[in-house]
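In each ligand, atom 1 is the first atom listed, and ligand 1 is the first ligand listed. All values derive from a computational prediction rather than experimental measurement.
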Amino acid sequence: MELAGKHLQSRVVNTVDSPSGHAYPIHVITLGNPSPDVPAVGYFGGVHGLERIGAGVVIAYLQSLVMRLHWDSTLHQQLDNVRLVFMPIVNPGGMALGTRANPHGVDLMRNAPVTAIESVPFLVGGQRLSAGLPWYRGKANAPMEIESQAVCEVVKSELLSRRFSLSIDCHSGFGSSDRIWFPYAHKRAPIAHLAEIRALKNIFVHSHSHHRYIIEPQSLQYLAHGDLWDYLYQHATQQADRIFLPLTLEMGSWLWVKKNPRQLFSRHGIFNPLIEHRQQRVLRQHQSLLEFLSRAACGHALWLPIDEARAIHHAQALQDWY
Ligand SMILES: [Zn+2]
């Protein structure tokens, strides 16, 4: 943050108290044009305290931007046309404790006021039985946790204040392939901006021919209560002239475990690559995706489908995913 000097702004959105008496700040860091007339991209990590690699991927991208500031003139042109918003560690208390949940035992991805109507998988889909069990949603009708509120505040002020915005929230732990998920998580129905998601997928796939991501709605894998991105997406659609496309990167950690089965015996090992060369590869691998999102936001007017093209994208997306 210091190295970026005047090019970067940062503030502490809120502070989380942990049982050990420590207070952990939730930082938000911004770069690029602050004008509400330019699009924005939000980069989020560390929502689940155990998934340190997600925070690592976001910080690696931020570091690359900062180190390029003093020599890369095309980066400055890019930053004139986009706002970049970083929350690398949404759940610093959970990260310090080495838990998925926050210090209250609440899973921040099950904590938003969104309830699935169709049945969700037992426990994993979110539960209100006990904070001692994983995937705890928090008490019914209680306000959202401080960390969830911090994300909402930043998304509403920095992203939804613009006509076009994207976000990516970096996680690990599901399956052996890297996945990019889009809403919904709480129902199988398609989102209103399915055509825009498919157009975004197309420009990504066409410009990254060797990518290894599976791109799909989260509902194809499992349904869950309380998904924060479902909640914020639905909130965003109240403004008809705005487009907000929230993505989740789910890095497939089962592969890391398969290649190094000893990781199974470590709590961190199931969610993070423990061998150094593998960790470096993972940190490297996703940088082009994060950079792509910044460029896709800059150029959104060139690829967002309208009229008939939009209808075609929508119909094709229904066929591909639903
Ligand atoms: Zn996660």
E153 bridged to R11 by N-O distance under 4.0 Å: yes
Here the N/O/S atom of H171 closest to the Zn ion (ligand 1) would be ND1
Any chance the rings of F244 and H235 have centres within less than 6.0 Å? no
Report the relative orientation of the aromatic rings in H286 and Y213; use parallel for angles under 30°, tilted for 30 to 60°, perpendicular for over 60°. tilted
Verify the distance test for E51 against the Zn ion (ligand 1): any N/O/S atom under 2.8 Å, yes or no. yes
For the Zn ion (ligand 1), the nearest N/O/S atom on H48 is atom ND1
Would you mind telling me which of R137, H186, H225 makes a side chain to side chain donor-acceptor pair (under 3.5 Å) with T115? R137
